[in-house]
> 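There's a structure below that I have some questions on.
Reckoned from all heavy atoms, side chains included, excluding hydrogens, waters and symmetry mates. Given the structure is predicted, the values throughout are model-derived calculations rather than measurements.
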Amino acid sequence: MKDKKYVITIGRQFGSGGHDIGRRLAERLGISFYDKELLLEAARQSGMNPELIKKTDERLPSFYIGNLSMSIGYYIQPFHSSASTIYYEAIQSAVRQMIEQLAEKESCVVVGRCADYLLRHNPNCINIFISAPIDDCAERVARRLSINLSDARDKVEKENKLRADYYNFYTDRQWGQADTYDLCIDSSKISEDAAIDIIIAYAKARLGS
């Protein structure tokens, strides 16, 4: 693996621990890790306001909701021209270019942002999806945000819908569907360390030691 450039993408349900698994995986492998900072760097390079860009992170703006059937893949053109759609699509284009450039430049772990779809033609791209039952996700979110379980469950459901709508709109795939990914892991069944061990073992089997 050390002699190859590769990318491991992490799709994840909200509260499943996928972000932490991805970060620790990158640390174990000694490669770069990209999550929200990827979006902010794309914003900076495009001359956009990073604080405004955060609001578009893995979610569709209101003017796209209700038009999900219009998805034709990541290279979709806005269905009507306006300042809002042009600005939003510019953000998505910047993120897409950033992910593609990173994959060409270095080995890394990328969390979310349709990276698995964007790099679908890269033979050294390994796509992982981390999930967990909603009760387990809610417990994790409740601890992290110091909120009650009911509110945490509502947040999990809302965030997962936003991620699914975003992914399904920009790709010709279904978010969280097993045949979209190389490896799916239920993080409630094993520890983070065990999950990381499994991903590394799979990557070595695919790419060679």
> Could you tell me the separation between the SG atom of C137 and the CD atom of E159, rounded to the nearest 0.5 Å?
12.0 Å
> Does one hydrophobic cluster hold both Y166 and F14, with members joined at side-chain heavy-atom distances below 4.5 Å?
no
> Which heavy atom of S107 sits nearest a heavy atom of I31, and at what distance?
O-CB, 3.5 Å
> R12 and R113: which non-hydrogen atoms are nearest, and at how many Å?
NH2-NH1, 3.8 Å
> Shortest non-hydrogen contact from P133 to D186?
CD-OD1, 3.6 Å
> Any chance you could lay out the ring-ring contact (aromatic ring centres under 6.0 Å, His included) test for F33 and H19, step after step, and finish with the verdict?
CA-CA 10 Å; F33 173 73; H19 179 278; 5.3 Å; yes
> With a 3.5 Å distance limit and no angle check, can you tell me whether N168 reaches the backbone of A164 through a side-chain donor-acceptor pair?
yes
> Distance from K5 atom NZ to C125 atom SG, nearest 0.5 Å?
14.0 Å
> Which is it for I128 and T9 under the side-chain contact (heavy atoms from CB on, under 4.5 Å) test, yes or no, and what are the steps along the way?
CA-CA 6 Å; I128 311 297; T9 72; 6.0 Å; no
> Evaluate salt bridge (Lys or Arg N to Asp or Glu O under 4.0 Å) for D179 paired with R173, printing each intermediate quantity in order.
CA-CA 9 Å; D179 61 5; R173 302 174 177 180; over 6 Å; no
> Restricting to non-hydrogen atoms, name the atom on N124 and the atom on N122 that form the minimum distance, rounded to 0.1 Å.
N-OD1, 2.8 Å
> Is a side-chain N or O of S187 found less than 3.5 angstrom from the main chain of S131, in a donor-acceptor match?
yes
> Answer yes if the side chains of D165 and Y170 hold a donor-acceptor pair under 3.5 Å, and no otherwise.
no
> Check for a donor-acceptor pair, side chain of R144 on one end and backbone N or O of V141 on the other, with a separation under 3.5 Å.
no
> Can you name the nearest heavy-atom pair linking L118 to R96, along with the distance?
CD2-CG, 3.5 Å
> List the steps, then state whether side-chain contact (heavy atoms from CB on, under 4.5 Å) holds for R140 with D136.
CA-CA 6 Å; R140 182 189 291 265; D136 292 89; over 6 Å; no
> When rounded to the nearest 0.5 angstrom, what distance separates CG in L207 from OH in Y6?
7.5 Å
> Using only atom types and a distance under 3.5 Å, with no angle test, would you say the side chain of Q13 pairs donor to acceptor with the backbone of A132?
yes
> What I want to find out is whether R24 reaches D193 closely enough, with some N-O distance under 4.0 Å, to be called a salt bridge.
yes
> Check the pair D135 / R153 against side-chain contact (heavy atoms from CB on, under 4.5 Å), numbers first and verdict last.
CA-CA 7 Å; D135 289 342; R153 187 184 179 94; 2.5 Å; yes
> Y34 vs V109, test: side-chain contact (heavy atoms from CB on, under 4.5 Å). Steps then yes/no.
CA-CA 6 Å; Y34 296 99; V109 174; over 6 Å; no
> Which is it for R23 and D35 under the salt bridge (Lys or Arg N to Asp or Glu O under 4.0 Å) test, yes or no, and what are the steps along the way?
CA-CA 9 Å; R23 177 180 52 77; D35 186 15; over 6 Å; no
> State, yes or no, whether a side-chain contact exists between R163 and W175 at a heavy-atom distance under 4.5 Å.
yes
> How many angstroms lie between atom CD1 of I8 and atom CG of N127, to the nearest 0.5 angstrom?
10.0 Å
> Any idea which heavy atoms bring T180 and Q174 closest together, and the distance?
OG1-O, 3.5 Å
> Supply the atom-to-atom distance I10 CD1 to Y181 OH, rounded to the nearest 0.5 angstrom.
11.0 Å
